[in-house]
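Note: hydrogens, waters and symmetry copies are ignored here, and every other heavy atom, side chains too, is used.
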Amino acid sequence: MQRLMVRHGVRSVRTSSSLVRGYASEGAPSRTALYEFHQKHGGKLVDFAGYWLPVQYGDQSIIKSHLYTREYGSIFDVSHMLQTYVRGKDVISCIESICTADLKGLPNGTGTLTVFTNSAGGILDDLIVTRVADDLLYIVSNASRKPVDMANISEAVASFKANGKDVSVEFLSLDDQSLMAVQGPSAVAVLQKLCTTDLSRLYFMNSTTDTVAGVADCRITRCGYTGEDGVEISVPSAKAAELASALLDPAVGQLKLAGLGARDSLRLEAGLCLYGNDIDETTSPVEANLLWLVAKKRRAENNFPGSDRINAQIKNGVTRRRVGFRMEPGAAPARQHVEICNNEQQKLGEITSGCPSPCLQQNVAMGYIPEEYKKPGTEITLKVRDKHYHGTVEKMPFVGTHYYQRPK
């Protein structure tokens, strides 16, 4: 799916409702298999992580697209993400050596969100690993971290093979495989009309393969990046436009296309991190309030990169923590790098992501502040263009999530 690329410089694309953080490529951006499909449907394309992707579509604003996703459902092109298969009887131990998940404890057909960490306990990337079988893993990771992830996985595989272990890796090419996210309350009902899998039995983070709208060899994973119920569908690139058209067909439902603008505000309302904004190589899972990504079994084993530092932080605490903020009515939006201050206007930290919330009709944000200020309800001020606005620390998600969980 993806080609190895040089590290990208950062560029921001400002929209009417949010700040979509892009990565301007040094060369010409790559086209996903849906490039012409986006053009045909009025997509406004921007360079994001070295790919031409729609920030929005001409038939609706970003705010309307956001609300439509929450109320009904939308289709997102996420083909820029890195899709990887790792195979072999030693594959579980190999990937566990570079991430924080308990893959040995995962049932086949289920996945988990996890992180790659470095020797200092910093986050190299956040990703989803699906245990397809005892000897097969499917990994989806961030486009902006593609060179880092490919090198990290390749080095782990090479190390295991050098020790006589059975493991191999396949990075899917953009020409061969695409990825679409179908998100919203009606998303799965629409998809059900196009496939044979009983989706009522496909729970959050479960994965299966099926023929969808006549397109064979599609992988359906119940997950997403919006806080809503939905799926991600890995589809052969030659059939991506055909599948997208089938999902848009009014005869099966009323799904619409959505772009990066709505994707960004949706994930922020859901309290989800964007790599490069809210987490990076200098941030540990404990500081990022993502300790749940470090499986208790793995903490006890203490054998993943940076485990000593992370376990020390669990025991002794940290000096800063990622939290959410809600601003007073009428306040200006607090974007990335806006200063977070106490009531005496002394700087405490910086905003990492922020935008107006279409659902709450109020500005929300997240960022890092000292531990003593992390309690929800704590009053702070945010310095936007030399003016201080009042706000409070808020528990995330800002808007309730609707993941389709297995009954207890």
Side-chain angles (χ1 to χ4, degrees), residues 12-22 38 41-46 48 53-78 180-188 190 223-230 248 253-274 277-278 322-336 338 351-367 376 382 384-385 389-403:
S12 293
V13 181
R14 189 169 297 278
T15 70
S16 61
S17 65
S18 67
L19 187 70
V20 179
R21 188 174 187 276
H38 296 315
H41 288 84
K44 299 179 180 179
L45 301 173
V46 298
F48 182 84
L53 291 170
V55 69
Q56 68 180 105
Y57 292 84
D59 64 333
Q60 56 183 351
S61 68
I62 290 174
I63 291 176
K64 288 183 177 179
S65 181
H66 175 117
L67 294 173
Y68 194 82
T69 305
R70 292 266 187 252
E71 294 165 3
Y72 192 86
S74 299
I75 305 166
F76 301 81
D77 181 6
V78 292
M180 283 181 277
V182 190
Q183 299 284 292
S186 298
V188 172
V190 173
C223 64
Y225 192 52
T226 63
E228 295 296 330
D229 184 23
L248 282 177
Q254 298 297 322
L255 296 178
K256 292 186 178 183
L257 295 169
L260 295 168
R263 184 172 165 85
D264 190 53
S265 54
L266 287 161
R267 68 93 189 170
L268 184 52
E269 283 188 345
L272 302 174
C273 293
L274 175 64
N277 274 45
D278 311 301
R322 181 179 66 93
V323 299
F325 304 97
R326 190 183 299 210
M327 299 179 68
E328 63 180 331
R335 309 288 187 179
Q336 188 184 27
V338 160
I351 293 298
T352 54
S353 289
C355 74
S357 162
C359 289
L360 301 176
Q361 296 186 350
Q362 198 168 357
N363 295 319
V364 297
M366 65 174 75
L382 297 173
V384 183
R385 294 187 293 276
Y389 296 92
H390 290 286
T392 55
V393 175
E394 294 285 330
K395 185 177 180 180
M396 295 184 286
F398 300 106
V399 174
T401 57
H402 300 95
Y403 304 125

Can you measure from [atom1] ([X]) to [atom2] ([Y]) and round to the nearest 0.5 angstrom?
| X | Y | atom1 | atom2 | value |
| --- | --- | --- | --- | --- |
| Cys355 | Asn363 | SG | CG | 8.0 Å |
| Arg263 | Ile62 | CZ | CD1 | 14.0 Å |
| Glu71 | His66 | CD | NE2 | 9.5 Å |
| His38 | Asp77 | NE2 | CG | 3.5 Å |
| Leu266 | Cys359 | CG | SG | 7.5 Å |
| Lys256 | His41 | NZ | NE2 | 12.5 Å |

- Task: Please identify each residue that fulfils side-chain contact (heavy atoms from CB on, under 4.5 Å) with Ala181, with sequence neighbours left out.
- Result: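 Partners of Ala181 under the side-chain contact (heavy atoms from CB on, under 4.5 Å) test: Phe76, Val78, Gln183, Glu232.
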Within the side chain of [X], is there an N or O that forms a donor-acceptor pair under 3.5 Å with the backbone of [Y]?
| X | Y | answer |
| --- | --- | --- |
| Gln56 | Gly261 | no |
| Ser186 | Gly73 | no |
| Glu269 | Pro397 | no |

Of the non-hydrogen atoms in [X] and [Y], which two are nearest, and what is the gap between them?
| X | Y | answer |
| --- | --- | --- |
| Ala365 | Ala334 | CB-O, 4.1 Å |
| Tyr72 | Leu255 | CE2-N, 3.7 Å |
| Phe325 | Phe398 | O-CE2, 3.5 Å |
| Val384 | Ala332 | CG1-CB, 3.9 Å |
| Gln361 | Pro358 | CG-O, 3.7 Å |
| Met396 | Val323 | CE-C, 3.7 Å |

- Task: Report the C-alpha separation of Arg335 and Ser353 in whole Å, then their side-chain angles, then the decisive distance to 0.1 Å, and conclude whether the side-chain contact (heavy atoms from CB on, under 4.5 Å) test is met.
- Result: CA-CA 6 Å; Arg335 309 288 187 179; Ser353 289; over 6 Å; no
Within a strict 4.5 Å, meaning less than it, do heavy atoms of the [X] and [Y] side chains meet?
| X | Y | result |
| --- | --- | --- |
| Leu268 | Asp264 | no |
| Pro185 | Glu228 | yes |
| Arg326 | Ser357 | no |

- Check against side-chain contact (heavy atoms from CB on, under 4.5 Å), Ser74 and Tyr68: CA-CA 7 Å; Ser74 299; Tyr68 194 82; 4.1 Å; yes
- Applying side-chain contact (heavy atoms from CB on, under 4.5 Å), run through Arg267 and Asp278 and close with a yes or a no. CA-CA 12 Å; Arg267 68 93 189 170; Asp278 311 301; 2.9 Å; yes
- Which of these, Val182, Val188, Thr401, sits in a side-chain contact (heavy atoms from CB on, under 4.5 Å) with Asp229?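 That would be Val188; it is the only one of Val182, Val188, Thr401 passing the side-chain contact (heavy atoms from CB on, under 4.5 Å) with Asp229.
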